[in-house]
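These notes concern the structure reproduced below.
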Amino acid sequence: RYPSKEENIQLFLAVTLSHPLWMVKRWCERHGEEVTEKICGANNDRAHLHLYTNHRRTSTEALAAWLRDHECTSEPMSHYPDVLRINGLQNVNAMDPVIKGDCIVARDIDVVIAQLARVTKDATVRVSCPDRSTINVSLPVLCNMPASFTTFARFEVHADILRKRMSTAGVESFRVYTPEAGEDATANYDIVVVEPKVSGLGLLHARPEMRWRIELDAIRKGSEHQRALLEDAAARVSSKGVLVYACSSFENEETFGVIDAFLADHPEFVKEDAASFCEPSLCSNGCVSIQYHAHKVDTVFAVRLRRTT
């Protein structure tokens with residue numbers, strides 16, 4: 001029989017909502033039993049896909065009309081009107097607008113990064129996301145601004161794919177580096193974006209199988225990796241430039257903890273209020289702090305930092 005909710009609520013939530021017991025215990029200690037039940041329940045929602053209009057080629061209205069004509073239900077997201085949410089069971093890569101570059105498959109974090117980066121004309125932008133290549137294409141499309149973008153790929157075959165996607169999307173000024181063809185070690189940029197790999201606890205509704213693969217120690221090890229990437233990114237920010245840190249997590253060790261420690265060691269950087277760039281209701285303590293169970297938008301933590309020297 002199922003565990004009794006009255007006798008052991010943590011075990012009850014772990015069994016009935018299909019989550020590892022250590023994860024449930026952790027969240028109960030940090031957020032309380034009621035919030036933990038909401039988190040676990042939301043993690044069992046069916047995932048959706050998001051299409052973002054490439055305004056270089058078409059409009060959101062035209063994209064929505066194409067989807068209707070092909071019997072694909074879509075709805076604009078409340079906080080991101082240019083993003084259309086569609087049924088996650090669709091094979092989007094086979095859709096004509098995606099193939100032609102009229103839209104891209106974007107995650108909520110991509111939109112937040114674009115809002116915080118606030119790319120201006122002729123800016124130089126460095127995007128460092130070693131474990132997720134889609135943002136390398138998403139950011140130039142979402143910004144819809146003539147700027148110079150520098151991105152990275154682990155292998156030359158991946159770099160070729162990125163170049164093809166950029167060209168299809170109509171992005172003209174971009175460079176893709178691989179470890180074999182490294183960038184200039186002395187190059188600095190007006191805007192530097194870093195999205196490190198995190199534990200994945202913030203995206204369990206989109207990747208439910210991950211809950212059984214994640215180990216508690218991964219959070220500690222991950223925070224060390226995130227800080228190292230942030231330090232590397234900070235060294236590339238030009239004078240008065242902008243540094244954007246973003247990740248799909250609500251764990252303190254991967255979010256506020258990383259930023260607080262970084263700012264304590266780097267007084268030359270200051271935090272700029274995220275509410276000035278993004279929807280204020282999605283912000284907390286000067287950062288974007290979205291939790292899926294509360295907002296029905298993918299979990300996102302993001303912060304915009306400015307170099308003052």
Side-chain angles (χ1 to χ4, degrees), residues 17 19 23 27 30-31 34-54 60 63-64 67 72-90 92 103-118 129 132 134-135 137-139 141-143 193-208 210-211 244-252 254-256 259 273-304:
L17 296 177
H19 280 69
M23 202 175 289
W27 290 338
R30 295 188 170 206
H31 309 293
E34 183 178 350
V35 172
T36 298
E37 185 170 5
K38 292 179 180 178
I39 294 174
C40 295
N43 285 342
N44 292 330
D45 289 349
R46 186 175 67 182
H48 291 80
L49 291 173
H50 302 140
L51 298 181
Y52 189 94
T53 308
N54 182 357
T60 303
L63 177 60
L67 293 171
C72 180
T73 303
S74 68
E75 60 177 350
M77 297 189 66
S78 58
H79 299 298
Y80 316 130
D82 282 328
V83 178
L84 299 178
R85 174 179 286 176
I86 65 173
N87 189 318
L89 299 179
Q90 299 289 334
V92 293
C103 66
I104 59 171
V105 181
R107 282 175 41 189
D108 296 332
I109 191 172
D110 300 340
V111 181
V112 170
I113 288 173
Q115 291 176 330
L116 286 181
R118 192 65 66 88
C129 178
R132 191 173 70 88
T134 55
I135 183 59
V137 180
S138 300
L139 185 58
V141 172
L142 294 168
C143 292
V193 175
V194 57
E195 186 199 337
K197 182 178 180 180
V198 292
S199 62
L201 291 180
L203 289 176
L204 296 185
H205 69 285
R207 298 188 59 187
M210 287 182 61
R211 70 189 70 181
V244 175
Y245 173 89
C247 64
S248 297
S249 176
F250 57 82
E251 298 295 329
N252 185 70
E254 300 175 321
T255 56
F256 290 101
I259 296 303
D273 189 6
S276 299
F277 304 90
C278 302
E279 168 61 39
S281 65
L282 301 178
C283 300
S284 175
N285 295 326
C287 306
V288 176
S289 183
I290 306 173
Q291 296 187 22
Y292 178 73
H293 73 275
H295 303 102
K296 293 304 176 183
V297 177
D298 285 351
T299 295
V300 178
F301 173 85
V303 60
R304 175 184 166 108

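Atom set for the values below is all heavy atoms of this structure, side chains included, hydrogens, waters and symmetry mates excluded.
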Next on the checklist: Would you say that V112 contacts I290 through its side chain, given a criterion of any heavy-atom pair below 4.5 Å between the two side chains?
Outcome noted: yes

Checklist entry - Shortest non-hydrogen contact from H31 to I39? => result CD2-CD1, 4.2 Å

Item to check | Any I104 side-chain heavy atom under 4.5 Å of D110 side chain | outcome: no

Checklist entry - Out of curiosity, C247 SG to K197 NZ, how far, rounded to the nearest 0.5 Å? => result 14.0 Å

Checklist entry - When you look at NZ of K296, are more than 12 heavy atoms from neighbouring residues, nucleotides or ligands closer to it than 6.0 Å? => result yes

Next on the checklist: Quick one, L51 and V105 - any side-chain contact, counting heavy atoms below 4.5 Å?
Outcome noted: yes

Checklist entry - Which pair of heavy atoms, one from P81 and one from P76, lies closest together, and at what distance? => result O-CB, 3.8 Å

Checklist entry - Of all heavy-atom pairs between Q291 and H293, which one has the smallest distance, and what is that distance? => result OE1-CE1, 2.7 Å

Checklist entry - In Å, rounded to the nearest 0.5 Å, how long is the span from OH of Y80 to CG of L282? => result 5.5 Å

Item to check | Minimal non-hydrogen separation, A47 against A206, with atom names | outcome: CB-CA, 3.8 Å

Item to check | Heavy-atom check, side chain of L204 versus side chain of M23, under 4.5 Å | outcome: yes

Checklist entry - Are a donor atom and an acceptor atom from the side chains of E254 and S199 found within less than 3.5 Å of each other? => result yes

Item to check | Distance in Å, K38 NZ paired with L17 CG, rounded so as to fall on 0.5 Å steps | outcome: 13.5 Å

Item to check | M210 and L203, any side-chain heavy atoms less than 4.5 Å apart | outcome: no

Checklist entry - Do you know which two heavy atoms are closest between S249 and T255, and how far apart they sit? => result O-CG2, 3.3 Å

Next on the checklist: I'd like to check the ring pair (Phe, Tyr, Trp, His ring centres under 6.0 Å) partners of Y292; sequence neighbours left out, ordered by chain and number.
Outcome noted: H205

Checklist entry - Rounded to the nearest 0.5 Å, how far does CD1 of I86 lie from CD of E75? => result 11.5 Å

Checklist entry - Passes side-chain contact (heavy atoms from CB on, under 4.5 Å), F256 versus V303? Steps please. => result CA-CA 9 Å; F256 290 101; V303 60; over 6 Å; no

Item to check | Derivation of the side-chain contact (heavy atoms from CB on, under 4.5 Å) call for N54 and C103 | outcome: CA-CA 5 Å; N54 182 357; C103 66; 5.5 Å; no

Next on the checklist: Under 3.5 Å, is there a donor on one side chain and an acceptor on the other for R107 and S248?
Outcome noted: yes

Checklist entry - By salt bridge (charged side-chain N to carboxylate O under 4.0 Å, His left out), which residues pair with D273, not counting sequence neighbours? => result none

Next on the checklist: Please evaluate residues D298 and I109 with respect to the criterion side-chain contact (heavy atoms from CB on, under 4.5 Å), reporting the C-alpha separation (whole Å), side-chain torsions for both, the decisive distance (0.1 Å), and the verdict.
Outcome noted: CA-CA 7 Å; D298 285 351; I109 191 172; over 6 Å; no

Item to check | Distance-only polar pair, side chains of T60 and D82, donor-acceptor under 3.5 Å | outcome: yes

Next on the checklist: I'd like to check the side-chain hydrogen bond (donor to acceptor under 3.5 Å, both in side chains) partners of Y245; sequence neighbours left out, ordered by chain and number.
Outcome noted: none

Item to check | Shortest non-hydrogen contact from C283 toward C278 | outcome: SG-CB, 4.3 Å

Item to check | Residue pairs, two or more places apart or on separate chains, that pass salt bridge (charged side-chain N to carboxylate O under 4.0 Å, His left out) and touch residues 278-291 | outcome: none

Next on the checklist: Going by salt bridge (charged side-chain N to carboxylate O under 4.0 Å, His left out), name the residues that satisfy it together with R207, two or more places apart in sequence or in a different chain.
Outcome noted: E209

Checklist entry - With sequence neighbours excluded, what pairs up with H295 under the side-chain hydrogen bond (donor to acceptor under 3.5 Å, both in side chains) test? => result none

Item to check | Side chain to side chain, P208 and N44, heavy atoms closer than 4.5 Å | outcome: no

Checklist entry - Would you find a donor on one side and an acceptor on the other, under 3.5 Å apart, between the side chain of D108 and the backbone of V297? => result no

Next on the checklist: Pairing donors with acceptors under 3.5 angstrom, does anything connect the side chains of W27 and E251?
Outcome noted: yes

